[in-house]
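What follows is a set of notes on a single structure, which appears directly below.
Letters A, B, ... are given to chains in the order of the sequence lines, protein chains preceding strands, and every chain is numbered from 1.
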There are 2 protein chains.
Amino acid sequence: MAPAAPHQRTTAPTARDGPRAERADARRNRAALLAAAEEVFSEQGISAPIDEVARRAGVGVGTLYRHFPTKEALFEAIVAARIESLATRAEQLAREPDPAAALLSHISEVVAGAVAKKDLFDELARWGYEPIERVHAEYKQRLWRAGEILLRRAQQAGVVRPDLTQEDLTAMVLGTCEGACCALVDAARRPELSKRMVEVLWAGLQAR
Amino acid sequence: MAPAAPHQRTTAPTARDGPRAERADARRNRAALLAAAEEVFSEQGISAPIDEVARRAGVGVGTLYRHFPTKEALFEAIVAARIESLATRAEQLAREPDPAAALLSHISEVVAGAVAKKDLFDELARWGYEPIERVHAEYKQRLWRAGEILLRRAQQAGVVRPDLTQEDLTAMVLGTCEGACCALVDAARRPELSKRMVEVLWAGLQAR
DNA sequence: CACTATACGGAACTATCGTTCCGCTTGTCA
DNA sequence: TGACAAGCGGAACGATAGTTCCGTATAGTG
């Protein structure tokens with residue numbers, strides 16, 4: 001986005017010399033916007049109006065659009081971080097000695113995350129299991145690949161039904177998130193419910 | 001809705017005598033609207049624009065609103081029929097001798113229905129598992145109660161985990177529908193996928 | 001055939017949201 | 001401290017969708 005490096009010019013440092021450093025208020029506002037977006041999107045998901053984010057950040061919409069070209073871009077900035085952390089955690093689990101426990105932890109953590117944060121939920125929901133080859137965002141690829149490894153290892157250990165693909169598992173995990181989040185449940189009971197749902201899913205995944 | 005019986009008056013049958021019978025074109029148009037709504041909503045779900053329904057019925061929106069007070073009312077007219085038929089079928093299953101087979105059939109049929117018809121899917125999704133006491137529509141009550149019986153019988157037969165409530169099961173069935181319908185899957189593979197998901201769910205539901 | 005209650009069509013209205021535009025403000029630097 | 005690029009706010013715009021309104025058309029009746 002930035003047209004060139006802000007410092008070191010070959011010509012004299014006059015006023016017409018390249019772009020100045022970022023102004024302090026701009027940096028403050030961007031931070032405030034990210035914090036507000038984090039709050040708003042985690043509560044209301046991607047359907048939250050953009051004005052709500054600007055309002056809560058204490059800036060006008062114009063300022064929001066100065067920092068992020070579209071609503072999508074702002075949303076992605078938030079949700080990418082969430083997915084990255086899931087991916088990192090999944091990669092870590094993929095190196096654990098017990099493949100069954102690792103897969104179960106992975107599933108539990110994804111579900112718990114989606115149940116707690118509506119933005120993550122919305123992102124997973126619309127992600128669906130789009131053919132992963134067509135997904136360009138590298139953080140999604142990381143999560144997908146780590147999930148693949150976790151599933152394969154659990155299958156090789158004879159713990160999980162060998163006929164399941166990662167698409168199947170993804171659909172089931174996603175379904176578990178959605179079932180637990182469904183419209184009218186009061187949010188307070190979701191964690192407990194989703195725990196039980198993961199239990200049932202896990203039992204259903206067992207080989208034999 | 002009709003204020004009174006259209007025929008037999010005590011006074012003379014003058015022009016100012018009660019409402020006439022429904023005009024033929026009105027009846028035709030209502031039928032066309034229902035047929036169009038059935039098509040459109042089953043393909044696109046409740047988010048289909050109302051104009052699309054009117055267009056496909058070959059009438060103006062004004063006509064649509066003459067017959068149905070809101071979009072909701074039209075949608076409900078369609079979806080109520082679907083839920084009624086699920087409910088009737090569930091009640092029938094509740095009288096079958098094999099409780100396990102009955103519950104499995106019920107689950108399979110709900111999922112298959114939701115995967116095939118987006119209106120049913122949307123309705124179940126937003127229905128969620130709202131406390132059933134608060135649901136007034138009698139056809140939903142029927143489906144819920146039949147589901148309860150099916151679950152209880154399967155639990156008493158020792159087939160299904162006794163700690164599951166109908167809310168749990170509803171959330172799981174709903175989740176299965178949602179997982180299988182997720183955004184980007186090509187619809188052609190949904191039936192197969194959902195069948196496998198029901199298999200896993202069923203395995204997970206087993207007692208011990 | 002004429003008359004009128006009924007029904008029809010679709011333009012217009014309202015509300016919501018994402019996005020753009022532009023006049024004003026302010027941080028930064030000489 | 002003065003000049004000005006960078007940044008800001010928020011009104012206005014455009015798109016979408018549900019709903020209303022009203023002038024026109026017509027089915028049914030005598």
Side-chain angles (χ1 to χ4, degrees), chain A residues 1-4 6-7 9 11-34 36-37 40-41 44-77 122, chain B residues 1-4 6-7 9 11-34 36-37 40-41 44-77 122:
Chain A
M1 288 293 171
H7 294 310
R9 292 260 114 186
T11 52
T14 69
R16 52 166 45 262
D17 174 56
R20 287 182 186 175
E22 187 184 38
R23 262 166 57 166
D25 55 347
R27 185 160 42 249
R28 258 201 320 276
N29 282 331
R30 179 156 56 240
L33 280 165
L34 284 168
V40 171
F41 287 141
Q44 310 183 36
I46 196 176
S47 66
I50 207 79
D51 302 44
E52 172 73 13
V53 176
R55 204 183 51 70
R56 216 181 290 195
V59 304
V61 268
T63 302
L64 190 155
Y65 277 91
R66 167 164 300 274
H67 290 284
F68 302 91
T70 61
K71 179 185 184 177
E72 266 298 311
L74 177 55
F75 183 75
E76 243 199 73
D122 283 353
Chain B
M1 289 292 171
H7 294 308
R9 290 260 114 186
T11 52
T14 67
R16 51 166 45 264
D17 175 57
R20 285 182 188 175
E22 188 183 39
R23 259 167 59 167
D25 55 346
R27 185 161 41 248
R28 257 199 323 274
N29 282 332
R30 178 156 56 239
L33 280 165
L34 283 169
V40 171
F41 287 140
Q44 309 182 37
I46 197 175
S47 66
I50 206 79
D51 303 44
E52 172 73 10
V53 175
R55 206 183 49 70
R56 216 181 287 196
V59 305
V61 268
T63 301
L64 190 154
Y65 276 91
R66 166 164 301 274
H67 289 284
F68 302 91
T70 61
K71 180 186 184 178
E72 265 298 309
L74 176 55
F75 183 75
E76 243 199 73
D122 283 352

For a quick check, tell me whether the side chain of B/Arg66 and the base of C/dT6 share a donor-acceptor pair closer than 3.5 Å.
no
Can you find a donor-acceptor N/O pair under 3.5 angstrom joining the side chain of B/Arg23 to the base of C/dA7?
no
Minimal heavy-atom distance between B/Pro49 and B/Gln44, with the atoms involved, is CD-OE1, 4.1 Å
Nucleotide nearest A/Ile50 when distance is taken to its side chain, options D/dG7, C/dT19, C/dC17:
C/dT19
Would you mind reading off the distance between A/Phe75 atom CZ and C/dG18 atom P, rounded to a whole angstrom?
12 Å
What is the distance from CZ of A/Arg28 to C1' of D/dA6, rounded to the nearest Å?
14 Å
With the side chain of A/Asp25 defined as its heavy atoms from C-beta on, choose the nearest nucleotide among D/dG18, D/dC8, D/dA27.
D/dC8
Nearest-neighbour nucleotide for the A/Ala24 side chain, D/dA27, C/dC17, C/dG27 considered
C/dG27
How far apart are the closest heavy atoms of A/Asp25 and A/Arg23, and which atoms are they?
OD2-NH2, 2.9 Å
Considering non-hydrogen atoms only, spot the tightest contact between B/Asp122 and B/Ser47 and give its length.
OD2-N, 4.4 Å
Can you measure B/Arg27 atom CZ to D/dT26 atom C1' for me and round it to whole angstrom units?
16 Å
Given that A/Gly60 and B/Ala48 both sit by DNA chain D, which one's nearest nucleotide is further toward the 5' end?
A/Gly60
Shortest non-hydrogen contact from A/Tyr65 toward A/Thr70:
CE2-CA, 4.0 Å
Can you tell me if the side-chain N/O atoms of A/His67 get under 4.0 Å from OP1 or OP2 in D/dG7?
no
Nearest listed nucleotide, side chain of B/Val61, among D/dC8, C/dC8, C/dA11:
C/dA11
Whole angstrom is fine here: how far is it from CD in B/Glu22 over to C1' in D/dA27?
12 Å
To the nearest angstrom, how far is A/Lys71 atom NZ from C/dC17 atom C1'?
8 Å
Please state how far atom CG in B/Leu33 lies from atom C1' in C/dA7, giving the value in whole angstrom units.
12 Å
Of the candidates D/dG7, C/dA7, D/dG9, the side chain of A/Thr63 sits closest to D/dG9
Could you tell me which non-hydrogen atom of B/Ala54 sits nearest to which non-hydrogen atom of B/Leu33, and how far apart they are?
CA-CD2, 4.4 Å
Figure out the CG/P separation between A/Asp51 and D/dA11, and round it to whole Å.
11 Å
Look at the side chain of B/Ala26 and decide which nucleotide, out of C/dC8, D/dT20, C/dT19, has an atom nearest to it.
C/dC8
Beyond-backbone contact of A/Lys71 with A/Leu64, side-chain heavy atoms, under 4.5 angstrom:
no
Can you tell me the distance, in whole Å, between the CZ atom of A/Arg55 and the P atom of C/dC17?
13 Å
Compare side-chain N and O positions of B/Asn29 against OP1 and OP2 of C/dC8 and report whether any pair is under 4.0 Å apart.
yes
Can a side chain N or O of B/Tyr65 be found less than 4.0 Å away from OP1 or OP2 on D/dT19?
yes
Selection from D/dT19, D/dG28, D/dG18 that lies nearest to any side-chain heavy atom of B/Pro49
D/dG18
